[in-house]
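What's counted below: heavy atoms across the whole structure, side chains too, no hydrogens, waters or symmetry copies. Protein chains get the first letters and strands the later ones, always in sequence-line order, with residue 1 at the start of each.
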There are 2 protein chains.
Amino acid sequence: MRPERPRAVTINDVAALAKVSIATASKALNGRGQVRAETRDRVFAAARELSFQPNPLARSLVTGQTRTVGLLTSDSVGRFGIPVMLGAEDAFGSGETAVLLCDARGDAFREQHYLRTLLARRVDGLIVVGESTDPRPSISRDLPIPVVYAYAPSDDPADVSFVPDDVTGSGDAVRHLIALGRRRIAHVTGPTHYTAARERAEGALGALEAAGLPLSGGQVVYGVWSQRWGRHAAEIVLNADPDVDAVFCGSDQIAAGLIEAARERGRRVPDDIAVVGYDNWEVLSQETRPPLTTMDMNLELLGRTAAQHLFAAIEGRATSGVHRMPCRLVIRDSAAPPALQ
Amino acid sequence: MRPERPRAVTINDVAALAKVSIATASKALNGRGQVRAETRDRVFAAARELSFQPNPLARSLVTGQTRTVGLLTSDSVGRFGIPVMLGAEDAFGSGETAVLLCDARGDAFREQHYLRTLLARRVDGLIVVGESTDPRPSISRDLPIPVVYAYAPSDDPADVSFVPDDVTGSGDAVRHLIALGRRRIAHVTGPTHYTAARERAEGALGALEAAGLPLSGGQVVYGVWSQRWGRHAAEIVLNADPDVDAVFCGSDQIAAGLIEAARERGRRVPDDIAVVGYDNWEVLSQETRPPLTTMDMNLELLGRTAAQHLFAAIEGRATSGVHRMPCRLVIRDSAAPPALQ
DNA sequence: CGCATTTGCGAAAACCTTTTCCTTCTGGGC
DNA sequence: GCCCAGAAGGAAAAGGTTTTCGCAAATGCG
């Protein structure tokens with residue numbers, strides 16, 4: 001048999017050692033009520049001597065606050081949810097709030113199940129992190145606790161969501177290419193049914209239009225989010241406009257494939273064609289030849305920010321609406337100003 | 001202000017509605033004690049009508065079990081810890097046990113902090129998942145709760161750890177190459193100071209020796225875990241033995257780089273050189289040209305198994321020692337029997 | 001000095017459930 | 001008819017903390 005867990009030290013022991021009542025001990029330790037400085041010190045000394053740790057279950061039972069939040073991820077095998085999740089965990093972990101991890105794996109039924117158990121466990125709040133930036137169904141309706149959405153926004157505008165600002169990010173990427181002197185810029189990206197693909201195209205086209213430049217090839221080259229597609233798209237882009245001098249890609253995978261194929265067709269990157277990716281997925285962006293200039297969505301920061309807003313909401317200062325968080329261009333050799341090349 | 005949370009329905013309400021005492025209600029709901037079938041049904045009906053959910057805090061306070069385990073990851077930004085973590089979460093989530101996520105980010109001090117808060121929260125057990133297969137310091141000493149280690153084993157043999165069986169896995173990889181008729185097999189891998197690199201080399205050399213074959217190039221080519229190194233290693237391997245007909249790589253990243261460089265030097269994969277990787281990191285292994293035959297460590301299963309053993313330990317059936325979990329060869333075109341090519 | 005106010009502290013309730021007795025009741029055996 | 005066993009259910013304690021309320025002492029004010 002497992003050895004009996006030693007009886008934990010309770011506030012009773014502390015009170016006895018400090019020769020006060022448990023009420024006074026509690027007040028002293030929590031800085032509440034009226035308690036003389038000398039008494040308070042005695043209580044603290046006793047608590048330290050016994051290395052007292054208040055039982056959070058008992059505390060929660062009476063206060064109704066568990067200092068626990070649920071982290072509900074819809075599909076965390078994907079690589080975008082993870083950093084968001086970790087950022088959120090970091091924000092909570094530095095406080096005294098613990099994180100209950102639930103991975104629904106994209107299954108709405110499982111999500112409901114987790115939601116119920118989280119509510120049964122009386123979590124103080126909920127953070128829902130999605131796998132893509134497509135809006136997802138709200139779960140906040142009739143919930144007695146606050147919820148924030150990260151990466152994938154809620155479809156209910158009354159909720160509060162944090163998503164990367166892909167439109168501005170893509171605009172910045174294209175403006176960077178323009179600033180480098182490129183004038184024939186193409187855009188290769190993923191499937192149209194992804195919000196991310198549409199918004200990135202929107203940002204790219206907006207920046208081109210503002211600069212009075214046409215899109216090389218005349219239209220956005222939609223496809224899938226894979227390296228293989230990037231290789232194939234290289235042909236399309238080069239055939240459509242042999243003089244193309246830059247490609248903005250909707251993902252690093254696409255960019256990696258495109259760079260590879262362009263090399264094989266004898267185009268030098270970045271001399272002949274500058275390439276900018278999206279995601280800053282370092283395992284790819286640092287391994288392409290040359291290393292990839294790419295847009296980083298600051299996902300950890302996004303997760304942390306979402307967590308902080310959840311805190312605020314738990315304390316009664318709720319916000320709402322979709323907040324777009326800035327992205328950051330990471331400049332490497334595939335599209336760099338001359339000084340850096 | 002946030003609306004007051006509606007007073008939750010308690011077992012008192014259920015008991016009142018069923019016209020029994022709370023003791024009887026509790027016994028009926030938990031199937032304990034002597035309760036007439038008719039009474040039990042009445043209690044259940046009342047509970048369902050009020051949609052009663054027992055307060056887990058109150059329950060834990062009296063039973064001493066929180067139905068909660070801590071998941072302590074040392075560095076989950078890495079890609080190996082994640083699947084293990086998800087596998088564990090899955091195993092717990094399907095029961096009634098919740099998972100408290102703590103990411104220590106490789107910081108021993110932070111790990112100690114999390115350990116303290118988890119103990120303060122009275123978790124029933126702990127699962128420690130590491131980032132590499134190198135042994136890590138045990139934290140089980142003097143802990144009142146069971147601990148299992150996943151991916152990174154504990155350095156204390158009295159603990160229980162679950163790690164991939166890299167020696168056998170690598171042996172299988174090389175035996176697969178031998179079965180394909182390859183006779184000049186090289187091995188390129190990561191840094192010697194990684195247990196993973198050493199064990200994989202050990203398994204590969206053992207399989208070669210058993211088959212009476214020499215190692216192409218005469219020695220294991222140690223380096224780093226990157227695609228760039230894989231490209232560089234291709235030169236080394238081809239220079240050392242221009243007739244090399246297979247390379248077993250210690251990671252998919254190395255394999256991806258090696259395939260790329262071999263292509264550029266005019267070697268056909270798999271006709272001239274068969275390549276086997278390790279990890280089955282699908283974003284790479286499916287995108288190489290040709291797709292990569294590689295060893296999958298079944299990390300989710302590993303995490304699930306570790307979680308199940310933690311359950312057993314919580315119930316008093318503890319085990320110990322390092323358990324090596326089997327790996328599984330995923331055959332794709334880079335090293336396939338003729339029928340599949 | 002007398003009264004009102006503040007300060008310091010303790011008793012007890014409250015949070016919600018499980019579990020340990022204890023009582024009552026039912027039926028069977030003699 | 002009596003006794004006993006077992007079944008059914010209830011009262012109350014236990015688990016550890018916070019918080020309310022009340023009491024007594026100390027202090028301030030006139």
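- Here B/Asp107 does not pair with B/Arg105 in a salt bridge; the nearest charged N to carboxylate O distance is not below 4.0 Å.
- In the model, A/Tyr151 has no side-chain atom that pairs as donor or acceptor with a side-chain atom of A/Ser132 under 3.5 Å.
- Proximity of B/Arg36 to the phosphate of D/dA8: no side-chain N or O atom is located under 4.0 Å from OP1 or OP2.
- For the pair A/Arg42 CZ and C/dG10 P, the computed distance is 8 Å after rounding to whole Å.
- Side-chain N/O atoms of B/Asn30 include one lying less than 4.0 angstrom from OP1 or OP2 on C/dT18.
- Note on B/Arg141 versus B/Asp156: salt bridge recorded, some NZ/NE/NH1/NH2 to OD/OE distance being below 4.0 Å.
- Going from atom CD1 of A/Ile11 over to atom P of D/dT17 covers 6 Å, rounded to whole Å.
- In this structure, B/Thr63 and A/Lys27 both approach DNA chain C, and ranking their closest nucleotides by distance from the 5' end singles out A/Lys27.
- We find that CD1 of A/Ile22 is positioned 13 Å from C1' of D/dT20, with the value rounded to whole Å.
- Ion pair A/Arg121/B/Glu96 not flagged as a salt bridge, since none of the NZ, NE, NH1 or NH2 atoms sits closer than 4.0 Å to an Asp/Glu carboxylate oxygen.
- Rounded to a whole Å, the CZ atom of B/Arg59 is 11 Å from the C1' atom of C/dC16.
- We find that CZ of A/Arg121 is positioned 16 Å from C1' of C/dC16, with the value rounded to whole Å.
- When each of B/Ala25 and B/Ala58 is assigned the nucleotide of DNA chain D with its nearest heavy atom, B/Ala25 is the one assigned upstream, toward the 5' end.
- Remark: B/Thr24 is in phosphate contact with D/dG10, judged by side-chain N or O atoms under 4.0 Å from OP1 or OP2.
- A/Phe52 has its CZ atom 8 Å from the C1' atom of D/dT17, to the nearest Å.
- OP1 or OP2 of C/dG10 has at least one side-chain nitrogen or oxygen of A/Ser21 nearer than 4.0 Å.
- The nearest whole Å value for the distance from the CG atom in A/Leu29 to the C1' atom in D/dG16 is 13 Å.
- Checking D/dT17, C/dC16, D/dA14 against the side-chain heavy atoms of B/Thr10 singles out C/dC16 as nearest.
- Rounded to whole angstrom, the span from the CG atom of A/Leu61 across to the C1' atom of D/dA14 amounts to 13 Å.
- For A/Thr39, no side-chain nitrogen or oxygen approaches OP1 or OP2 of C/dG8 to under 4.0 Å.
- When distances run from any side-chain atom of B/Gln34 to the nucleotides C/dT17, D/dA11, D/dA8, the shortest one goes to D/dA8.
- A salt bridge is absent between A/Arg36 and A/Asp41: the closest approach of a Lys/Arg side-chain nitrogen to an acidic carboxylate oxygen does not fall below 4.0 angstrom.
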